[in-house]
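Each chain gets a letter, A, B and so on, in the order its sequence line appears, and its residues count up from 1.
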Amino acid sequence: MRAFFVFIRASFFCPLTDWRRIMSELTIPYEETEIYKVRHSLAHIMAQAVSELFEPGEAKIAIGPPIDTGFYYDFELPRQLTPEDFKGIEKRMRQIIGGKHPFEKRIVTAEEAKAEFAGQEFKIDLIEGLEAGGVDEYGEPLEGDVEISFYTHDTFTDLCRGPHVEHTGQINPSAFKIMSIAGAYWRGDEKNAQLQRVYGTGWKNKDELKAHIQMLEEAKKRDHRKLGRELDLFSFDEEVGPGLPLWTPRGTVIIDELEKLAKEVERRHGYKQVRTPHLTKEDLFIRSGHLPYYAEGMYPPMELDGSNYYVKPMNCPFHHKIFASSHRSYRDLPLRLGEYGTCYRYEKSGELFGLMRVRSMQMNDAHIYVSEAQFEEEFMDVIDIYKEYFELFGIEKYVMQLSLHAADGLGKKYVDNEALWIKTEGMVRQAMINGGVPFVEEKDEAAFYGPKIDVQIWSAIGREFSLATNQVDFAVPERFDLTFVNAEGEEETPLCIHRAPLSTHERMVGFLIEHYAGKFPVWLSPEHVRVIPITDAHADYAKKLADDLYNQGFRAEADLGDKRMNAKIRDAQKMQVPYMLVVGDAEVENGTVSLRKRDGSQQDGLPVAEFTAMLKEKVETRSPEL
RNA sequence: GCCACCAUAGCUCAGCUGGUAGAGCAACCGCCUUGUAAGCGGUAGGUCAUCGGUUCGACUCCGAUUGGUGGCUCCA
């Protein structure tokens, strides 16, 4: 499982279809590839170089695996490393590589291992994990007989199961680079010591390294935080607060278009829209389970008239109350209640990330109440909505993940009913298999009330996020005493599907900015058309053109400033306006426009009516074409 | 929240080892009247994030706070 997953992560810059193809045709796991060995070996070499910066025994080494584009190693050191150390570390690594030291494997007993690593508390911890429970460096159980092995190259020995290159000379000394330092908790647990993690990138050759670094620079250019400012879509203000975005008129257009789309789709799928308050008494969140299970994600309460009130982190309890507000029959089901409600979550300060992770968010939310018999069909109808959206947006690079509970979280972060967890997880798994939808499984990723299908995507800089989500709730309807009368005249508790195929407006827009690199399809563009007069003499014609388009419902503006036409075109290009209409003597005389598209193509003498018809068609069909 | 780093005009950035600030773009005002990605000139704009300390003197050194960045943890 782990290997499979690492492999998926390894290919986050390739379209989904690539790893599937690679998986099926080559069937070589990442761990058996040459580059994996190179990166793994680089991690050891780096650990040696870093250790040598200090007196023997002073540097405590933890773990150092290969990752998707390179490797890292975690250390506990007498002082903080800084980027100034990188050059020296790299230089020493090149020396070690040049020494052509063989990697020698040795199988040892736990006692020998502990003796070798006396004073190295993290290694001792690992050895004890291997010895006692057969637990790997991530704390996950290992299968089969566990052997403890060492790999030694030059003067450096590490506890390691390999594999490695045969000798350090097989590594290209000009195809790696130390990238950054970051904090990381031992065994990934925030209760443990925080270590210094040094990240490096490693490749087959210099060209691959160069290509990778270039790709990182390209990715930075499409970072939604940068484009959001450049395209004037949203901003943050220190006085307003972290994670609380301010949407400008241009950004709001995109949100409005997404809502319009969602309402159309949901109308077609039988949803009804509802509206609920942002605030509620704590009683509601006690009943829903949010206060017992989700309190740390919530803003603290405010006291009013002797009651505690909370701002909502989710819309579901309100929708449950709407379900409960009248007597429900099986004939009412599935009951689909949609609301793009604004929620507030107290995300830890360090977790905030542009629009992708905010504290105030508008969910593309709906709750669907179904009988167990209706579950599969309805759940898959939601998956169909996902697919419809992803096709519309041309999103290909995603992974559907079945997020499961973990037994040790029962009663803490998960509702304490393991039998029901296992049952509903099986229902979701079977529905996905029956629907022929590929997915991966991850433990300990569920919502507190049930398992879910999350759609994982990656931001421009490679950080992973859940975009859409489709969740089953087997617990909360019962807490709310929700029932419907079934065909036999008996009271029955419904299941609830929580779903957000368009994620939150914030994350969706953030994602789309990066997905399109700011070049939105016409229907999503904050400005459809900019009319550019060649001289002042054409200003009236330009203004009338823009007004006419505006009055027909399009987002059109005329640029009547005193800049030259060339500069105005440049301005419109930089804002990624899809259509520029340049008008001069010829156009005024003939009632035409010169159409310049964002891609630089040009069409002269186009009758206004023809342009308008084309624009209308592009917008109404939500065409991906320019 | 944790570890590290960063913070100069709306934006992008200069400012040497402490002697109280500069450029380009944007904005505004003129001139030019222009054919598909920057015409020319001028004006204005900064308690150098905030607060405190060291110093004769702080944008520069130190501390705290706020906000951001890279990770970790967490997540729509």
Side-chain angles (χ1 to χ4, degrees), chain A residues 72 74 76 80-83 179-199 223 225-226 229-230 232 235-243 294 296-297 313-314 343 345-358 361-365 403 413 445 447 452 454-457 461-469 471 498-508 510-511 532-539 561-574 580-587 594-598 600-604:
Chain A
Y72 67 78
D74 289 348
E76 189 179 75
Q80 181 63 40
L81 293 175
T82 71
M179 301 298 278
S180 61
I181 328 163
Y185 301 106
W186 171 237
R187 289 193 188 276
D189 188 332
E190 61 185 322
K191 289 191 273 298
N192 289 342
Q194 185 144 29
L195 311 171
Q196 295 187 51
R197 175 169 295 177
V198 183
Y199 280 96
D223 189 320
R225 295 167 296 184
K226 183 175 156 69
R229 192 171 43 241
E230 289 172 358
D232 190 22
S235 66
F236 288 93
D237 186 285
E238 202 170 308
E239 232 169 316
V240 176
Y294 196 76
E296 71 171 30
M314 295 185 196
C343 294
R345 294 183 186 176
Y346 191 74
E347 306 289 353
K348 293 180 192 169
S349 56
E351 293 164 350
L352 301 172
F353 180 74
L355 286 181
M356 304 294 249
R357 192 75 181 277
V358 290
M361 71 211 79
Q362 221 182 324
M363 327 261 299
N364 171 236
D365 215 357
S403 299
K413 48 197 277 203
E445 296 277 332
K452 50 182 182 164
D454 290 318
V455 179
Q456 302 302 108
I457 50 100
I461 63 164
R463 205 176 287 186
E464 181 181 359
F465 289 93
S466 294
L467 193 69
T469 188
Q471 319 180 342
H498 306 234
R499 41 111 281 176
L502 285 181
S503 189
T504 59
H505 291 349
E506 288 73 16
R507 188 170 287 181
M508 193 68 196
F511 173 77
I532 297 170
I534 290 176
T535 75
D536 292 350
H538 316 112
D562 60 2
K563 283 182 177 174
R564 278 165 190 258
M565 174 207 65
N566 289 298
K568 291 179 181 178
I569 288 173
R570 182 162 189 268
D571 289 345
Q573 284 285 157
K574 280 170 67 181
M580 287 152 266
L581 301 182
V582 179
V583 294
D585 287 342
E587 287 74 20
S594 167
L595 169 65
R596 179 197 164 97
K597 294 187 185 176
R598 182 171 63 196
S601 66
Q602 189 179 331
Q603 199 176 345
D604 291 333

Decide yes or no, distance alone: a donor-acceptor N/O pair under 3.5 angstrom between the base of B:G35 and the side-chain of A:Glu587. yes
Please check the phosphate of B:G70 (OP1 and OP2 only) for any side-chain N or O of A:Arg225 closer than 4.0 Å. yes
Any side-chain N or O of A:Lys452 under 4.0 Å from OP1/OP2 of B:A76? yes
For a quick check of understanding: with a heavy-atom distance under 4.0 Å over all strands, which category does A:Asp604 fall into, base, sugar-phosphate or nothing? base
Counting heavy atoms from C-beta on, name the nucleotide in B:U33, B:G35, B:A76 closest to the side chain of A:Thr535. B:U33
Checking contacts here: which listed nucleotide (B:G35, B:G39, B:A37) is nearest the side-chain heavy atoms of A:Ala567? B:G39
If each of A:Arg596 and A:Glu445 is mapped to the nucleotide of RNA chain B with the nearest heavy atom, which maps nearer the 5' terminus, i.e. the 5' end? A:Arg596
Sugar-phosphate, base or nothing in reach of A:Glu347, heavy atoms under 4.0 Å: base
Under 3.5 Å, is there any donor-acceptor pair linking the side chain of A:Arg197 to the base of B:C3? no
Between A:Leu467 and A:Ser349, which residue's closest nucleotide on RNA chain B lies nearer the 5′ terminus? A:Ser349
May I ask you to check whether A:Ser466 and A:Gln456 show a side-chain donor-acceptor distance below 3.5 Å? yes
Is the positively charged end of A:Arg463 above the ring of A:Phe353, judged by distance under 6.0 angstrom from the centroid and angle within 45° of the axis? yes
With a 4.0 Å cutoff (strictly under), does any side-chain N or O of A:Arg463 reach OP1 or OP2 of B:G71? yes
A:Met565 near the nucleic acid: base, sugar-phosphate alone, or nothing, with a heavy-atom cut-off under 4.0 Å? sugar-phosphate
Would one find a side-chain N or O of A:Arg345 under 4.0 angstrom from OP1 or OP2 of B:C74? no
Determine the contact category for A:Asn566: base if any of its heavy atoms lies under 4.0 Å from a base atom, sugar-phosphate if only primed atoms, P, OP1 or OP2 are that close, otherwise nothing. sugar-phosphate
Out of B:G30, B:U73, B:U66, whichever nucleotide has its closest atom nearest the side chain of A:Glu238: B:U66
Students often get this wrong, so: under 4.0 angstrom with heavy atoms, is A:Asp585 touching a base, only sugar-phosphate, or nothing? base
Between A:Tyr199 and B:C72, is there a side-chain N or O to OP1/OP2 distance below 4.0 Å? yes
Would you mind classifying the nucleic acid contact of A:Ala182 as base, sugar-phosphate or nothing, using non-hydrogen atoms under 4.0 angstrom? base
Minimum-distance nucleotide to A:Ile534 side chain [options: B:U33, B:A4, B:G35]: B:G35
Under-4.0 Å side-chain N/O to phosphate OP1/OP2 contact, A:Lys563 with B:A26: yes
Would you indicate what A:Gln602 reaches in the nucleic acid, counting non-hydrogen atoms under 4.0 angstrom: base, sugar-phosphate, or nothing? base
Check this for me: does any side-chain nitrogen of one of A:Lys348 and A:Glu190 sit under 4.0 Å from a carboxylate oxygen of the other? yes
Check whether any side-chain N or O of A:Arg229 sits under 4.0 Å from OP1 or OP2 of B:U12, and answer yes or no. yes
With hydrogens left out and only the distance checked, is there a donor-acceptor pair under 3.5 Å joining A:Tyr346's side chain and the base of B:G1? no
Given the structure, check if the side chain of A:Ser503 and the base of B:A76 hold any donor-acceptor pair shorter than 3.5 Å. no
